Each structure stands twice: as structure tokens, then as C-alpha cells.
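In what follows, a structure is listed as C-alpha cells, so that the remarks can point back to it.
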Amino acid sequence: MKLVLAIVSNDDSAVVSAALTREGFSVTKLATTGGFLMAGNTTFLVGVEDEKVDTVINLIKKQSKRRTQMVPTTSSFDVGMYSTFPVEVTVGGATIFVLNVDRFEKA
């Protein structure tokens, strides 16, 4: 058995959750926040048999879209002046971990 831990953007959370539950997977959702952009994410925990891991990953990938976003950044000049200008970064998609499960119980 494996535990699939997937971090996705809040923008994609509803469609990822719907796709997983539609295919019969039990999903636990956790509200999380990323460290770089401090943006809201959803972390999904899905316990599955080894042979279904690829199905779960493919469903998550299909529903998690990458997009670009402008974020403000500050740059410093040698004379102590600061300037703020936007930088384009890629956000979204999914970060997926697959962990071995030594024991599973449902009480």
C-alpha cells in the first residue's frame, strides 16, 4: 500500500477532489500554505494499493494546471534606494510524493 501526498493550488483543488472521488478514491484534504509565494494550497492524502498509484497521479496531473503569475519583487540599489517591479513566475501544477505504508487500519 502507498500514500500519495499531493500539493496543488487552491485554484485546482475542487476539480482534483472531484476527479479523485468520481474514480472511487477516498481523499483527505488539508488546507496548506506555500512558503515562497505564501499562497493557499490544498494537500491531498490518498491511500491506495500499489497498482493504483499511477492512476491517482495521472488524475492529479490532468486536473492541475500550470499558469504564470506576476508577483512584486524589490531590488536594492547601492545608494540605499529600493525599487519594486513585477516578476513573472510559474505557479500551479502539482507536487506529488509517494510514500510506503507499513500498516493501515480503519477503526
Side-chain angles (χ1 to χ4, degrees):
M1 178 165 238
K2 304 288 187 195
L3 176 65
V4 178
L5 189 145
I7 304 164
V8 303
S9 169
N10 277 348
D11 295 338
D12 300 323
S13 174
V15 293
V16 169
S17 180
L20 290 169
T21 55
R22 183 174 46 250
E23 294 298 319
F25 295 105
S26 296
V27 179
T28 298
K29 291 172 39 172
L30 304 172
T32 54
T33 303
F36 176 61
L37 296 175
M38 300 305 290
N41 295 317
T42 300
T43 300
F44 291 94
L45 304 175
V46 187
V48 296
E49 297 301 325
D50 292 10
E51 62 273 4
K52 294 186 179 182
V53 169
D54 289 333
T55 303
V56 170
I57 290 173
N58 289 331
L59 284 168
I60 294 167
K61 283 182 177 180
K62 184 176 179 183
Q63 302 300 328
S64 302
K65 307 295 182 214
R66 287 185 171 251
R67 52 189 75 75
T68 58
Q69 176 179 325
M70 299 300 282
V71 295
T73 184
T74 304
S75 118
S76 160
F77 300 106
D78 289 335
V79 292
M81 296 176 59
Y82 293 91
S83 173
T84 300
F85 56 93
V87 174
E88 188 175 57
V89 296
T90 302
V91 297
T95 302
I96 303 170
F97 301 90
V98 179
L99 308 164
N100 288 323
V101 175
D102 292 331
R103 182 173 172 174
F104 170 74
E105 290 186 30
K106 196 166 187 173

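This one's a predicted model, so the numbers in the text were calculated from it and none came from an experiment. What's counted below: heavy atoms across the whole structure, side chains too, no hydrogens, waters or symmetry copies.
V8 and V27 fall within the same hydrophobic cluster, defined by Ile, Leu, Val, Met, Phe, Trp and Tyr side-chain heavy atoms under 4.5 Å apart, directly or through other members. Criterion: ILVMFWY side-chain heavy atoms under 4.5 Å apart, direct or through other members. Under it, L3 and I7 are part of a common hydrophobic cluster. Hydrophobic clustering (ILVMFWY, side-chain heavy atoms < 4.5 Å, transitive): F25 and I57 are in one cluster.
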Expected list for residues 42-49: side-chain donor-acceptor pairs under 3.5 angstrom, two or more places apart:
| unit_1 | atom_1 | unit_2 | atom_2 | d |
| --- | --- | --- | --- | --- |
| T42 | OG1 | N10 | OD1 | 2.8 |
| T42 | OG1 | S13 | OG | 3.2 |
| T43 | OG1 | T32 | OG1 | 3.0 |

Report, one line per pair, each donor and acceptor closer than 3.5 Å where one atom sits in a side chain of residues 93-107; sequence neighbours left out.
| unit_1 | atom_1 | unit_2 | atom_2 | d |
| --- | --- | --- | --- | --- |
| N100 | OD1 | K2 | NZ | 2.2 |
| R103 | NE | E105 | OE2 | 2.6 |
| R103 | NH2 | E105 | OE2 | 2.2 |

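Of all heavy-atom pairs spanning D12 and K65, the tightest one is OD2-N, 3.1 Å. Between S64 and V16 the shortest heavy-atom distance is OG-CG2, 3.7 Å.
T21 places a side-chain N or O within donor-acceptor distance of the main-chain N or O of A18, the cut-off being under 3.5 Å.
Side-chain atoms of T55 and E23, non-hydrogen and from C-beta on, never get closer than 4.5 Å to each other.
Separation of atoms CG (L59) and CG (D54) is listed at 11.0 Å; rounding is to 0.5 Å.
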